[in-house]
Novice: 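This is the structure, below, for whatever I ask next.
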Amino acid sequence: MPVREGEEEPGEGRLLAVLRHDGTSRLYSNGSDVSVDRPAPSSYRLRIHRAGQEDQGLYRCKVEVWGMDQHGGWFNTGARSHSNTVRVYMYSLASDLLFIPIIVGVATAVFVGVVIVASVTCCFMNRLARKGSRK
């Protein structure tokens, strides 16, 4: 869950996703798409897809322990824990940063090439026209 600067209490902040006792997840909207997966038996991962600058900040994981009673029902045991707070920074990939300059560079090179070919062709045609008029 994202946490505001200076918050220490694990219950504060905005809830993004819940992994329920039955293994299903419930995702809450934060303006971006989120998903929860399990890369290892003892760990879970929250992914924020198409993240923006507003998703940058402090995050932490909050855990509540649930138990099953003898009738198969689930109950909250009241045991809780939370992870250390981590700061998430947004950064751009090099390919994203170079895309526009590469397009501009290629377009400029093509334009300069066309101008050079047109100039040479024009001069050559004028020279031929002058040679033809002298005869």
Side-chain angles (χ1 to χ4, degrees):
M1 74 173 49
V3 182
R4 288 183 285 282
E5 193 78 46
E7 291 179 347
E8 295 300 325
E9 190 60 35
E12 297 181 23
R14 188 170 30 110
L15 190 61
L16 292 184
V18 172
L19 185 63
R20 298 163 44 119
H21 59 275
D22 59 0
T24 61
S25 58
R26 181 170 180 194
L27 306 175
Y28 298 90
S29 176
N30 70 331
S32 299
D33 293 334
V34 296
S35 65
V36 176
D37 63 338
R38 189 175 183 181
S42 63
S43 66
Y44 292 87
R45 175 175 38 211
L46 173 70
R47 291 185 180 198
I48 302 175
H49 307 276
R50 293 184 298 212
Q53 289 296 325
E54 64 277 0
D55 295 314
Q56 181 171 282
L58 299 172
Y59 285 79
R60 92 173 65 146
C61 180
K62 180 177 122 181
V63 178
E64 295 179 351
V65 179
W66 286 74
M68 184 183 288
D69 63 20
Q70 68 261 13
H71 304 293
W74 290 95
F75 65 96
N76 188 337
T77 64
R80 297 177 181 196
S81 182
H82 63 88
S83 67
N84 293 331
T85 302
V86 295
R87 182 174 295 276
V88 175
Y89 294 101
M90 298 301 299
Y91 62 92
S92 298
L93 298 173
S95 59
D96 295 338
L97 296 174
L98 295 176
F99 183 69
I100 298 292
I102 287 173
I103 295 297
V104 170
V106 168
T108 302
V110 168
F111 177 74
V112 168
V114 167
V115 168
I116 290 171
V117 169
S119 298
V120 169
T121 303
C122 181
C123 292
F124 180 72
M125 295 304 284
N126 283 338
R127 189 172 180 190
L128 280 179
R130 274 187 260 142
K131 278 187 180 180
S133 64
R134 288 186 194 163
K135 291 184 180 181

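On a predicted model such as this, the values are computed, not experimentally measured, just so you know.
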Novice: Kindly work out whether a path of hydrophobic side-chain contacts (I/L/V/M/F/W/Y, heavy atoms less than 4.5 Å apart) joins I102 to I100.
Specialist: no
Novice: Hey, does R87 have a side-chain heavy atom less than 4.5 Å from the side chain of L58?
Specialist: yes
Novice: About how many Å separate CD1 of I103 and CG of L98, when rounded to the nearest 0.5 Å?
Specialist: 11.5 Å
Novice: Taking a hydrophobic cluster as the set of Ile, Leu, Val, Met, Phe, Trp and Tyr residues connected by side-chain heavy atoms closer than 4.5 Å, whether directly or through intermediates, do V86 and I48 fall within one such cluster?
Specialist: yes
Novice: Counting only heavy atoms not in M68, do more than 12 sit closer than 6.0 Å to its CE atom?
Specialist: yes
Novice: Taking salt bridge (Lys or Arg N to Asp or Glu O under 4.0 Å) as the cut-off, I'd like each qualifying pair that reaches into residues 71-83, sequence neighbours left out, listed once.
Specialist: E64-R80
Novice: Which heavy atom in G78 sits nearest to a heavy atom in N76, and how many Å separate them?
Specialist: N-OD1, 2.9 Å
Novice: Which one of T121, V120, V114 satisfies the side-chain contact (heavy atoms from CB on, under 4.5 Å) criterion with V117?
Specialist: T121
Novice: Could you check whether any side-chain N or O of T77 sits under 3.5 Å from a backbone N or O of G67, counting only pairs where one atom can act as donor and the other as acceptor?
Specialist: no
Novice: Can you list everything that forms a side chain to side chain donor-acceptor pair (under 3.5 Å) with R45? Sequence neighbours excluded, please.
Specialist: D37
Novice: Are more than 12 heavy atoms, taken from residues, nucleotides or ligands other than F124, located less than 6.0 Å from that residue's CZ atom?
Specialist: no
Novice: Can you run down the salt bridge (Lys or Arg N to Asp or Glu O under 4.0 Å) pairs that involve residues 67-76, sequence neighbours left out, and say none if there aren't any?
Specialist: none
